[in-house]
Amino acid sequence: MSNVMLANKFASQTLPNRFALAPMTRISAEVNGDPNDLMADHYEAYAKGGFGLIITEGTYTDDKASQGYANQPGMISDSQVAGWQTIVNRVHEAGSKIFVQLMHAGAQFQANRFTDQPLAPSAVVPVGAPLGFYGDQKEWQTPEAMTASDIQVAIDGFSQSAANAKAAGFDGIELHGANGYLLHQFLSTHFNQRDDNYGGSLDNRLRLVVEVVKAVRRAVGPDFAVGIRLSQVTVTDPDYQFPEGQSGFQRIVESVRDAGVDFIHTTDGDVRRTPFIDGDLALADVVAGVEGLDLIVNGGIDETNFHDAAGDYPDALLAVGKKALANPDFVQRLKDGKEIADIHFAMLQPKATIRNELAWRKENAA
Ligand SMILES: Cc1cc2nc3c(=O)[nH]c(=O)nc-3n(C[C@H](O)[C@H](O)[C@H](O)COP(=O)(O)O)c2cc1C
């Protein structure tokens, strides 16, 4: 079974294999953002199911405008850190490593217990409609363009949350720079219409991302694993393309590396999709061609094609989303040659909560 099931060095960690659980929002924390036992059971199941690395759902980073969903977990209070500590311990006891995904929703704001006012690079709403399986909002609210002090609050939120994550015992941090959330919004010419030094040229659009990476690196020190997830597409806009094409994406990758990330996690509809307005590389190919970075690839990996992704990107981790939802023991099933189930989206209805998934499983137990 090639080398996917062998121990693997990744961003200063030794992982039991090359499979990672992709980050998946489950809006199942307490109202105040505390992670709970339901979440601990949930993440432990993936560790017991063989995933070498667990990447958590997007977790909010400040008490201003970072939260995007009701019942989203946070990383900003003592009780949130304590809740995560329990989850980290359970995952470690099961033999896996765990990174937290730190996320600021920006304009992709559906619910926030601290404010009714989304903040984003500019007063621009996302393409499409809010996500029904995360909340009942029918329309996006128009965000306010962030001031210099709003930007500083966001940077400080990321760095303090990174320090909190380290204190909670996490093995690393993934910054959410993909799928249309705040860091991606600054990179995107759809969301970012600013005419100050955070908007316009690619270097200006990169400024916030670079400042966040540097601040996080300072907060956690040189030896802690820090990476960033990057995409072109957003959760509601599968067609967005960076105007600077492939070389622009390479510049983003090199800039975050120089600012201090150890790894990049690319996500697209399919690992091998060639999404740029020019060139014929996949996102992951661009990262693989840049020195000094570890790589996680994501998009459509399943039991039929994981060998291809593993061969195309030797040493990369393979992050699995929907197939993992359908099979929390996906990795163990591969090892044992057992059948792998397909995803049934009914398990995420009417909301993508862990409780709804468990109820669906009970009803549909073979
Ligand atoms: C229910 C659900 C929640 C998700 N939440 C997140 C999230 O919090 N952060 C993130 O970066 N991606 C999130 N994603 C995207 C997945 O991480 C992954 O990129 C996507 O499902 C494609 O990978 P797959 O083809 O293996 O499913 C979510 C996907 C699903 C299905």
Side-chain angles (χ1 to χ4, degrees), residues 19-29 35 39 42-43 46 51 53-61 66-75 99-106 108 110 130-135 173-185 227-238 263-273 275 282-284 296-306 308-309 316-328 330-331 334 340-357 360:
F19 282 103
L21 176 69
M24 281 182 282
T25 290
R26 302 309 305 270
I27 50 166
S28 294
M39 289 169 62
H42 170 77
Y43 284 115
Y46 290 101
F51 285 91
L53 176 67
I54 307 295
I55 307 174
T56 73
E57 63 209 277
T59 298
Y60 65 81
T61 49
S66 61
Q67 183 184 356
Y69 306 116
N71 297 93
Q72 183 188 357
M75 188 59 84
F99 291 0
V100 64
Q101 187 181 63
L102 295 181
M103 167 178 138
H104 189 307
Q108 286 183 173
Q110 298 194 203
L131 300 173
F133 71 2
Y134 293 156
I173 286 164
E174 173 171 292
L175 299 168
H176 200 345
N179 298 355
Y181 293 95
L182 185 79
L183 299 180
H184 190 195
Q185 287 162 28
I228 186 165
R229 194 172 217 215
L230 295 173
S231 69
Q232 257 197 149
V233 300
T234 81
V235 283
T236 60
D237 184 0
F263 72 90
I264 298 216
H265 181 175
T266 58
T267 176
D268 208 337
D270 181 280
V271 174
R272 291 237 52 101
R273 193 171 85 93
L283 297 175
I296 306 177
V297 298
N298 169 251
I301 294 171
D302 66 16
E303 68 281 15
T304 67
N305 63 19
F306 73 93
D308 299 336
L317 302 189
L318 312 180
V320 182
K322 292 181 289 293
K323 276 283 167 176
L325 276 183
N327 309 268
F330 178 80
V331 180
L334 284 184
I340 306 274
D342 284 331
I343 177 86
H344 291 270
F345 286 99
M347 72 169 68
L348 304 176
Q349 299 301 325
K351 298 278 184 300
T353 61
I354 297 170
R355 264 185 226 293
N356 285 342
E357 175 191 333
W360 181 90

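All of these numbers come straight from a predicted model, not from anything done at the bench. As the structure lists them, so they are numbered: ligands from 1, and atoms in each ligand from 1.
Looking from atom 5 (N) of ligand 1 to the surrounding protein, the closest heavy atom is T25 N, 2.8 Å. Here the heavy atom of the protein found nearest to atom 26 (O) of ligand 1 is G321 N, 2.8 Å. What sits closest to atom 20 (C) of ligand 1 on the protein, heavy atoms only, is N298 OD1, 4.0 Å. The protein atom (non-hydrogen) at minimum distance from atom 21 (O) of ligand 1 is K322 NZ, 3.8 Å. Shortest contact from atom 29 (C) of ligand 1 to any protein heavy atom: M24 CG, 3.8 Å. In terms of protein heavy-atom proximity, atom 12 (N) of ligand 1 is closest to R229 NH1, 2.9 Å. For atom 13 (C) of ligand 1, the closest non-hydrogen atom on the protein side is P23 O, 3.0 Å. From the protein, the heavy atom lying nearest to atom 9 (N) of ligand 1 is Q101 OE1, 2.8 Å.
The side chain of Y134, and not its backbone, has at least one atom closer than 4.0 Å to an atom of ligand 1 (non-hydrogen atoms only; side chain from C-beta on).
The closest side-chain donor-acceptor pair between N305 and R272, if any, does not fall under 3.5 angstrom. A donor and an acceptor atom, one from each side chain of Y43 and E57, are located under 3.5 Å apart.
Of all atoms in ligand 1, listed by their number and element, those nearer than 4.0 Å to a heavy atom of H176 are 9 (N), 10 (C), 11 (O). Counting the atoms of ligand 1 from 1 in the order shown, those under 4.0 Å from a heavy atom of T267 are 19 (O). Taking every heavy atom of N179 and a limit of under 4.0 angstrom, the matching atoms of ligand 1 come to 10 (C), 11 (O), 12 (N). Heavy-atom contacts of A22 reach the following atoms of ligand 1: 17 (O) (cutoff under 4.0 Å).
Taking CD of E357 as the start and CG of L348 as the end, the distance is 7.0 Å to the nearest 0.5 Å. Between atom CD of residue Q349 and atom CH2 of residue W360 there is a gap of 12.0 Å, rounded to the nearest 0.5 Å. Rounding to the nearest 0.5 Å places CG of L317 at 11.5 Å from CG of N298.
Without hydrogens or angle criteria, E174 side chain to F99 main chain gives no donor-acceptor distance under 3.5 Å.
Looking at every heavy atom in both residues, P350 comes nearest to N356 through CD-ND2, 3.6 Å. Summarising the geometry of Q232 relative to L283, their closest heavy-atom pair is N-CD1, 4.3 Å, with the distance given to 0.1 Å.
For a threshold of 3.5 Å applied to N or O pairs, the pair formed by G300 and ligand 1 contains at least one separation below that value. At least one N or O atom of G58 sits closer than 3.5 Å to an N or O atom of ligand 1.
Here F19 and F306 bring their ring centres to under 6.0 angstrom of each other.
Partner Q72 forms a side chain to side chain contact (heavy atoms under 4.5 Å, CB included) with one of R26, Q110, Q67 and no other, that one being Q67.
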